[in-house]
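So the structure is just underneath, and the comments pick up after that.
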Amino acid sequence: MMAKTLIAFFSRADENYFGGAMRYVKVGNTEVVCGIIADLIPADSFKMEMVNPYSPVYMTCIEEAKQDLRSNARPELVSMPESIEAYDTIILAYPNYWGTMPMAVVTFLEQFDFAGKTILPLCTNEGSGMGSSERDIKKYAPGAVVKKGLSVTGSQAANARGSVQRWLSENGLL
Ligand SMILES: Cc1cc2nc3c(=O)[nH]c(=O)nc-3n(C[C@H](O)[C@H](O)[C@H](O)COP(=O)(O)O)c2cc1C
């Protein structure tokens, strides 16, 4: 059977900070990068969507996400994949929120058994890189093989094709 890959991602559209200015966007940075990946390799995609999404207003979202991190919340997701059994590789993509991944990604990770699966973390951010997200993924997905992640500057997401290609090929997916 062919090895199967799942691109599981969290991404927020609406107001965000781009090189010193606030802008409203229809598609979030992480989702843009996931689109590039889906163009390059055969994979299924799953978008993590919160039942109570963060505010479209950037400054409000910042506070809401900080609160969720501080309280170690598990924001409820609108849906979940039925199973991840068919996948041997999961590309887990998310923005850096306060130095790690959004808590909705933790909700996702805790839902499944990742033992024996390979996780490729991808984190868009504005300077903090992967933060502690790789370590945190290992904590919430025990038994998974967590590869070295790819950090992408969020505001440059549309230009990430080269580094994404390299990373996929380093990991045997391209
Ligand atoms: C709640 C929140 C917290 C953030 N915290 C950080 C941070 O700690 N470090 C960083 O470099 N960027 C931070 N950012 C910027 C985002 O990581 C960046 O804009 C990312 O590309 C957004 O991805 P998205 O458009 O897919 O949601 C933060 C953004 C938000 C909304």
Side-chain angles (χ1 to χ4, degrees), residues 5-41 43-81 90-109 119-140 146 148-168:
T5 302
L6 175 68
I7 305 168
F9 69 96
F10 179 96
S11 187
R12 174 183 160 274
D14 302 318
E15 193 186 34
N16 202 351
Y17 202 72
F18 293 89
M22 296 286 197
R23 240 185 334 118
Y24 270 88
V25 292
K26 288 238 162 68
V27 181
N29 300 331
T30 311
E31 187 159 0
V32 169
V33 182
C34 289
I36 295 173
I37 299 174
D39 259 3
L40 290 167
I41 60 167
D44 294 338
S45 285
F46 172 73
K47 182 175 184 177
M48 299 166 212
E49 292 186 87
M50 289 163 63
V51 170
N52 301 117
Y54 293 135
S55 172
V57 179
Y58 182 77
M59 293 314 292
T60 309
C61 167
I62 284 281
E63 289 309 317
E64 291 168 339
K66 193 204 287 183
Q67 185 53 39
D68 274 356
L69 176 64
R70 283 203 178 146
S71 62
N72 198 23
R74 297 291 184 270
E76 196 188 333
L77 302 186
V78 170
S79 69
M80 286 279 188
I90 294 95
I91 295 175
L92 189 67
Y94 47 86
N96 187 320
Y97 274 13
W98 296 106
T100 187
M101 60 226 184
M103 297 313 284
V105 179
V106 179
T107 306
F108 172 80
L109 288 175
I119 299 181
L120 268 55
L122 187 156
C123 179
T124 72
N125 62 88
E126 285 304 317
S128 304
M130 304 299 292
S132 65
S133 64
E134 290 159 301
R135 217 163 42 240
D136 294 335
I137 291 167
K138 286 177 189 156
K139 183 166 85 187
Y140 294 115
V146 181
K148 190 172 161 14
L150 180 67
S151 166
V152 173
T153 301
S155 48
Q156 300 295 314
N159 305 321
R161 199 180 176 90
S163 53
V164 165
Q165 253 169 338
R166 216 171 310 124
W167 181 66
L168 291 174

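Atoms within each ligand, like the ligands themselves, are counted from 1 in listed order.
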Between D68 and Y54, a side-chain donor and acceptor under 3.5 Å: yes
Would you check if there is a donor-acceptor pair between the side chains of S79 and E49 at a distance under 3.5 Å? no
Return a table of donor-acceptor pairs under 3.5 angstrom between the side chains of residues 131-140 and protein atoms on other chains or two or more places apart.
residue	atom	partner	partner atom	Å
S132	OG	G99	O	3.4
S132	OG	D136	OD2	2.8
S133	OG	Y94	OH	2.7
S133	OG	M130	O	2.6
E134	OE2	G149	N	2.7
D136	OD2	T100	OG1	2.6

Got a sec: does the CG of N52 have more than 12 other heavy atoms crowding it under 6.0 Å? no
Counting heavy atoms not belonging to Y17, are there more than 12 under 6.0 Å from its OH? no
What I'd like to find out is whether the side chain of Y97 reaches to under 4.5 Å of the side chain of R12, using heavy atoms alone. yes
Write out the protein residues near ligand 1, meaning a non-hydrogen atom under 4.0 Å from one of its atoms, in order of chain and number. S11, R12, N16, G28, N29, T30, Y58, C61, I62, A65, P95, N96, Y97, W98, G99, T124, N125, E126, G127, S128, G154
